[in-house]
K.L.:
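The following block contains the structure, expressed as structure tokens.
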Number of protein chains: 2
Amino acid sequence: MQSQTGYVILGLLSIEGNQSGYDIRRTIQGSVGYFWGESYGQIYPALKKLAAEGLIEPANSPQRTGAKSPVRRGGRKTAGGRPDRRAYSLTPAGRARLQEWLAQPFRVDPPRDEFLLKLFFGREAAPGVSVEHVRDFQQRNRRLLRTFEEIGRIGRAKNANHPHFRFWILTLEYGVAQIRAGLRWSEGALKELESMEKPAGRGQRKARQ
Amino acid sequence: MQSQTGYVILGLLSIEGNQSGYDIRRTIQGSVGYFWGESYGQIYPALKKLAAEGLIEPANSPQRTGAKSPVRRGGRKTAGGRPDRRAYSLTPAGRARLQEWLAQPFRVDPPRDEFLLKLFFGREAAPGVSVEHVRDFQQRNRRLLRTFEEIGRIGRAKNANHPHFRFWILTLEYGVAQIRAGLRWSEGALKELESMEKPAGRGQRKARQ
DNA sequence: ACACACATGTAATTGGTTACATGATTTC
DNA sequence: GAAATCATGTAACCAATTACATGTGTGT
């Protein structure tokens with residue numbers, strides 16, 4: 001079944017090979033991380049398993065930044081000191097497996113959104129609490145929107161002719177659309193929440209910033 | 001820390017008491033389930049823990065549908081047969097704890113969206129695959145939109161003067177806004193994906209880098 | 001007669017995060 | 001000289017789903 005993490009790794013290695021667990025983690029953070037996160041605790045075991053199944057293989061070129069010894073010194077861990085970089089690339093079998101997975105219908109796991117949950121129970125909360133949450137929501141989303149726009153700008157400048165580019169842009173645009181819709185919604189929501197707390201008048205001494 | 005599940009339960013019991021684990025599960029499915037799911041495996045242990053901490057307590061009225069013996073027969077399990085209904089209500093301490101939690105900033109756990117992930121790697125997929133996924137996405141979202149609209153209609157008719165109503169509607173409207181944005185995005189996405197596969201014409205059954 | 005809703009709980013398993021161990025090299 | 005980055009991996013823990021066990025009452 002391969003635990004999904006495996007497929008993310010296959011996918012990333014299909015775009016660029018010769019990547020280590022560390023690299024993969026970083027690549028994720030700057031790209032798919034916005035809708036799909038992975039941690040070391042998942043990545044390293046997954047790499048091992050993929051290699052054992054012959055879907056990935058150790059890559060040739062070391063490509064250390066500039067260290068003095070690109071030589072593999074021991075086994076997996078140079079006793080003491082920075083461990084050797086262990087990079088991998090996709091095998092043909094790995095690419096085939098990736099394609100198989102891509103062709104299967106995507107599964108949707110139900111989202112868990114604590115913001116909406118708290119808003120849903122907003123009536124129980126002390127006055128001002130829900131307004132505060134919506135403000136927080138706005139702030140996060142505005143920041144995220146700026147980030148996405150920045151990613152788009154850089155991407156268009158650097159990768160515009162990369163063969164994957166249009167797919168990347170599609171996912172980015174999806175994110176942007178979602179955020180914009182959320183922000184538009186939040187305007188109305190804020191107004192409504194404020195109007196719900198005002199008219200009652202005095203009882204709301206805890207409406208802090 | 002109370003594991004969040006506990007708070008959902010507190011929240012639901014704050015709206016309506018005298019609910020069993022079974023009831024709570026069903027209530028969730030018709031309401032917060034669209035953005036927050038819980039399974040029996042979480043609910044029953046959580047109920048036990050909440051009761052042990054005095055945040056909820058066994059409710060008085062049995063309210064069995066129409067069974068002949070609303071009497072508690074033994075302990076937790078009537079040896080053989082349908083187990084006794086064990087309903088709970090919120091205690092004042094429970095309500096206080098709920099309010100505390102509501103006032104704290106919501107945490108955002110990163111979403112895991114397999115649809116976007118597959119679209120991101122769409123270049124690697126066989127032709128037609130991504131288009132297919134987007135169509136699937138559209139179908140699901142159209143259905144969901146109808147469901148949400150239905151929920152809104154029923155809600156407005158039945159609960160319009162329920163004190164929690166406006167908060168519920170806010171979360172519902174959020175969902176509707178997200179779905180609409182997704183559907184609008186998908187129109188453009190479909191067109192682009194289709195145009196990507198048409199023009200190249202024949203030679204592209206394995207279009208890899 | 002059959003299926004489905006009622007009803008509670010536990011156990012097994014998977015999935016995933018966080019913290020730990022370890023220390024050299026690069027950058028400010 | 002301090003701080004961040006490079007780099008791999010394991011262990012402990014937490015969260016959550018699924019399957020199992022059990023069988024009656026209700027509606028078609």
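Convention: sequence-line order gives letters A, B, ...; per-chain numbering from 1.
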K.L.:
Quick check: does any side chain N or O of B:R112 sit under 3.5 Å from a backbone N or O of A:D109, one acting as donor and the other as acceptor?
P.N.:
no
K.L.:
Can a side-chain donor-acceptor contact be found between B:E38 and B:W36 if the only test is distance below 3.5 angstrom?
P.N.:
yes
K.L.:
Hey, what bend do you get for the helix from C:dA1-D:dT28 to C:dC28-D:dG1 if you fit axes on five pairs at each end, rounded to 10°?
P.N.:
50°
K.L.:
Could you tell me the separation between the CZ atom of B:R107 and the C1' atom of D:dA15, rounded to a whole number of Å?
P.N.:
10 Å
K.L.:
Starting from C1' on D:dA16, measure out to CD1 on B:I28 and report it in whole angstrom.
P.N.:
13 Å
K.L.:
Tell me every residue that passes salt bridge (Lys or Arg N to Asp or Glu O under 4.0 Å) with B:R140, counting only those two or more places apart in sequence or in another chain.
P.N.:
B:D136
K.L.:
Identify, between B:L47 and A:W36, the residue whose nearest nucleotide on DNA chain C lies closer to the 5' end.
P.N.:
B:L47
K.L.:
Whole angstrom is fine here: how far is it from CD in A:Q29 over to P in D:dC6?
P.N.:
11 Å
K.L.:
Taking only residues two or more places apart in sequence or in another chain, which ones pass side-chain hydrogen bond (donor to acceptor under 3.5 Å, both in side chains) with A:W185?
P.N.:
none
K.L.:
Does B:R184 have any salt bridge (Lys or Arg N to Asp or Glu O under 4.0 Å) partners at least two apart in sequence or in another chain, and if so, which?
P.N.:
none
K.L.:
Is the phosphate of C:dT10, meaning OP1 or OP2, less than 4.0 Å from a side-chain N or O of B:K48?
P.N.:
yes
K.L.:
Just how far, in rounded Å, is C1' of C:dG16 from NZ of A:K49?
P.N.:
14 Å
K.L.:
Enumerate the protein-to-nucleotides 17-20 of chain C contacts in which both atoms are nitrogen or oxygen and the separation is below 3.5 Å.
P.N.:
{"residue": "C:dT17", "atom": "OP2", "partner": "A:S39", "partner atom": "OG", "Å": "2.9"}

K.L.:
Say whether B:S89 and B:E57, considering side chains only, have a donor N or O and an acceptor N or O under 3.5 Å apart.
P.N.:
no
K.L.:
Taking only N and O in the side chain of A:Y22, is any of them less than 4.0 Å away from OP1 or OP2 of D:dT8?
P.N.:
no
K.L.:
Which residue pairs satisfy the salt bridge (charged side-chain N to carboxylate O under 4.0 Å, His left out) criterion with at least one member in residues 158-179 of chain B, sequence neighbours excluded?
P.N.:
A:E192-B:R166
K.L.:
Quick one: is C:dC6 close enough that its OP1 or OP2 comes under 4.0 Å of any side-chain N or O from B:R26?
P.N.:
yes
K.L.:
Tell me: CG of A:D109 to P of D:dT17, nearest whole Å?
P.N.:
10 Å
K.L.:
Whole angstroms only, please: what is the CZ-P distance between B:R25 and C:dG9?
P.N.:
15 Å
K.L.:
To the nearest Å, how far apart are A:Y44 OH and D:dT8 C1'?
P.N.:
5 Å
K.L.:
Using a 4.5 Å cut-off on heavy atoms from C-beta on, say whether the side chain of B:S20 contacts that of B:R86.
P.N.:
no
K.L.:
Is it true that A:E194 and A:R135 have a side-chain N and a carboxylate O under 4.0 angstrom from each other?
P.N.:
yes
K.L.:
Check this one for me: any side-chain N or O of B:S20 less than 4.0 Å away from OP1 or OP2 of C:dT8?
P.N.:
yes
K.L.:
Rounded to the Å, how far apart are B:D23 CG and C:dA7 C1'?
P.N.:
9 Å
